[in-house]
Amino acid sequence: MKKQRVLWIVICLAFTMGMQASGVYNVCDYGAKGDGKTLDHGAINRAIDACVAGGGGQVLVPAGTYLCGSIHLKSHVDLHLMTGATILAAPGEMKVYDESEVFGAPEYQDGGHTYFHNSLIWAEGQEHISITGFGRIDGEGLTKRDTETAGNVQGGSIGTGDKAIALKQCRHVTIRDITIFRGGHFAIIVTGCDIGTIDNVLIDTNRDGIDIDCCKYFTVSNTKVNTPNDDAIVLKSSYALKKPVLTEHILITNCMVTGYKLGTFLDGTYVPEKVNWVCGRIKLGTESNGGYRNITISNCSCMWSSGLAFEEVDQGRMENIVVSNISLSHVHHYPIYITTGCRNRGPKERTDVSSARDIYIDNVIADDCDSLAGIIITGMEGHPIRNVSLSNIRIQYRGGGKKTDQPYREQSTHYPEPRWAGPTPSYGLYARHVDGLRLHNVKFDLLKEDERPAILMEDVKNVEQ
């Protein structure tokens, strides 16, 4: 019996050592309890450090609830959340999140785009990193406010967590299969990152879902994002890297965005949320210092969402945008919005003018669209949007709009949101300051009579219809 016991111990030790040698590091072996009460981020960080020291591999989070402050993701590490595993964000009063870094330059962007270290899971300057598995991140203890300063969050306590996942200047990034509930200010934000994949992720959150800022060669695919109070999938080009950087070569495909009440997408009750100024939607902007180039959006479905928005207002350029096969249902405020402006949220010495060109939108169907606004395409006087093509578009509007002689407000230096500009003077399509507009098989239906004309164009040249 003694020999058998010794043999069994040897086998167990060999198995454990084999797991380590094969690059799998179980966080429970480093002190994690997974009881939802004990702070486990220290153990998870120790497992990550051991993984890095061993040449990289997988940090395994088994089933359980792991109460955590800041987790530091590092190069060549796959943080794998097994089915039944939940990383639970600790409340701010526990003060277990890293202090936000010192930015050291004028902040032209919101704090959420400026600071990263005060997050639940963060990485900066790392490569070949991933977060995978069918487990969950629950950001219950994160704030959704945007009032940060270096080392503090005004209105909260030092150490408050702001974002669920924040990655800055990383390369070869993968986020796959996980679920994020209550993601704080951003469920996922990647800034200045190259070559990445976000695939088969489910997000049900109270602010932005996915923000891709100053990045290139990224794919977002097969992902479902419910954001009743903010944007679902949004591309940005802020001044967070202290210079204008293009967001380019991005593919968003086979995704769903919705605006149901928080939590009801996850529990399957699907309760539409009362609309504030925005919910759901796929968007480019507003932060747009560098601009956007070579962007493809395809095969996406939007439900109880604001429409598609393409906004270049901070002296960058927006070009080579291709959108196809989009379905929209129960659309808030507008179905499609393309605009340039001169908010110019950046250094005052810049002389660039926001520009947009070569935007192609094909195969879009939308029902139950708000009567506030139709499709909007508005450039700036002397700086028109160039070469926009709309083809195979079918929009059903609620109608009921009243004829107006009031000129439609220029976006100018304002935040570019149609809700604040008031109703468009036409119910189907309104275009102004555009050079090159192609309309092919574009049809509008009304559920109720509308006093406005279907289409109105002002300062629009080279129209093909």
Side-chain angles (χ1 to χ4, degrees), residues 209 220-228 231-235 251-260 265 270 272-273 275 278-284 295-311 321-339 358-377 388-401 418-419 423-424 426-431 437-450 452-457 463-465:
V220 181
S221 58
N222 308 309
T223 289
K224 302 171 182 66
V225 185
N226 183 61
T227 50
D231 300 318
I233 302 174
V234 53
L235 306 184
L251 171 63
I252 300 170
T253 188
N254 299 338
C255 293
M256 299 180 184
V257 305
T258 57
Y260 294 113
F265 196 90
Y270 307 119
E273 179 63 290
V275 179
V278 66
C279 68
R281 82 174 169 182
I282 299 171
K283 172 186 172 186
L284 277 59
I295 311 297
T296 299
I297 302 168
S298 67
N299 304 332
C300 292
S301 175
C302 310
M303 176 76 71
W304 296 105
S305 165
S306 298
L308 304 169
F310 309 94
E311 306 167 353
I321 313 298
V322 178
V323 181
S324 63
N325 303 336
I326 307 295
S327 67
L328 304 147
S329 188
H330 307 297
V331 182
H332 304 308
H333 303 143
Y334 56 84
I336 299 171
Y337 178 42
I338 305 170
T339 193
D358 301 325
I359 300 171
Y360 295 84
I361 301 176
D362 180 55
N363 282 351
V364 175
I365 187 166
D367 67 40
D368 190 31
C369 293
D370 200 328
S371 60
L372 173 74
I375 297 172
I376 302 171
I377 308 171
V388 176
S389 175
L390 303 178
S391 61
N392 303 310
I393 311 289
R394 182 69 176 266
I395 309 290
Q396 179 197 70
Y397 292 102
R398 295 171 195 161
R419 177 174 178 265
T424 50
S426 54
Y427 73 81
L429 167 67
Y430 177 69
L437 177 59
R438 178 179 180 266
L439 305 176
H440 174 70
N441 192 27
V442 177
K443 298 183 179 180
F444 306 128
D445 295 326
L446 286 171
L447 293 175
K448 185 166 56 176
E449 185 177 352
D450 198 298
R452 299 168 294 178
I455 297 176
L456 184 62
M457 301 185 189
V463 178
E464 178 187 338
Q465 56 182 327

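This structure is a prediction, so every number in the text was calculated from the model and none was measured. Heavy atoms only: backbone and side chains are in, while hydrogens, waters and symmetry mates are out. Numbers here simply count residues along the sequence, with the first being 1.
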Pair Ser329-Asp367, side-chain donor/acceptor within less than 3.5 Å = yes
key: Sub-4.5 Å side-chain heavy-atom contact between Ile377 and Leu429   = yes
ask   = Going from CG on Leu390 to CD1 on Ile375, what distance comes out if it is rounded to the nearest 0.5 angstrom?
value = 5.5 Å
query = Do Phe265 and Tyr270 have ring centres separated by under 6.0 Å?
reply = yes
task = For the pair Arg452 (side chain) and Thr424 (backbone), establish whether a donor and an acceptor sit closer than 3.5 Å, ignoring hydrogens and angles.
result = yes
key: Met303 atom CE: more than 12 heavy-atom contacts under 6.0 Å   = yes
ask   = Do any N or O atoms from the side chain of Tyr427 and from the backbone of Ser371 form a donor-acceptor pair under 3.5 angstrom?
value = no
ask   = So, does Arg398 use its side chain to make a donor-acceptor pair with the main chain of Asp368 at under 3.5 Å?
value = yes
ask   = Any side-chain heavy-atom pair from Glu311 and Tyr337 closer than 4.5 angstrom?
value = yes
note = All heavy atoms of Ala366 vs all of Val331, minimum pair found to be CB-CG2, 4.4 Å
task = Mind running side chain to side chain donor-acceptor pair (under 3.5 Å) on Asn254 and Ser221 for me, showing each step along the way?
result = CA-CA 6 Å; Asn254 299 338; Ser221 58; over 6 Å; no
key: Nearest heavy atoms of Ser426 and Ala454, plus distance in Å   = CB-O, 3.8 Å
request  = Could you tell me which non-hydrogen atom of Asn222 sits nearest to which non-hydrogen atom of Cys255, and how far apart they are?
outcome  = N-SG, 3.9 Å
inquiry  = Please check this pair: side chain of Ser305 against backbone of Arg281, looking for a donor-acceptor N/O pair closer than 3.5 Å.
reply    = yes
inquiry  = Could you report the tightest heavy-atom contact between Pro418 and Tyr334, atom names first, then the distance?
reply    = CG-CD2, 3.7 Å
Chi angles and distances behind the side-chain contact (heavy atoms from CB on, under 4.5 Å) call for Asp362, Tyr360 = CA-CA 7 Å; Asp362 180 55; Tyr360 295 84; over 6 Å; no
key: Min side-chain heavy-atom separation Cys279-His332 under 4.5 Å   = yes
Straight-line distance of Leu284 CG to Asp231 CG, nearest 0.5 Å = 10.5 Å
Test side chain to side chain donor-acceptor pair (under 3.5 Å) applied to Thr258 and Asn226, step by step = CA-CA 5 Å; Thr258 57; Asn226 183 61; 2.7 Å; yes
inquiry  = Using the rule side-chain contact (heavy atoms from CB on, under 4.5 Å), only one of Thr223, Asn299, Leu235 pairs with Ile252; which is it?
reply    = Leu235
key: Residues Ser298 and Thr253: side-chain donor-acceptor under 3.5 angstrom   = yes
Ser306 side chain reached by His333 side chain, heavy atoms, under 4.5 Å = yes
request  = Hey, could you give me the CG/OH distance between Leu446 and Tyr397, rounded to the nearest 0.5 Å?
outcome  = 9.0 Å
key: Exercise: identify the closest heavy-atom pair between Asp450 and Gly400   = OD2-N, 3.6 Å
note = To the nearest 0.5 Å, atom CD of Glu464 lies from atom OG of Ser389 at 8.0 Å
Criterion side-chain contact (heavy atoms from CB on, under 4.5 Å) on Asn441 and Ser391, from CA distance to verdict = CA-CA 6 Å; Asn441 192 27; Ser391 61; 6.0 Å; no
remark   = Only one of Ile297, Ile361, Ile282, Asn363 passes side-chain contact (heavy atoms from CB on, under 4.5 Å) with Ile326, and that residue is Ile297
inquiry  = Could you measure the distance from the CD1 atom of Ile233 to the NZ atom of Lys283? Nearest 0.5 Å is fine.
reply    = 13.5 Å
Gap separating the CG atom of Asn325 from the CG atom of Asn392, nearest 0.5 angstrom = 9.5 Å
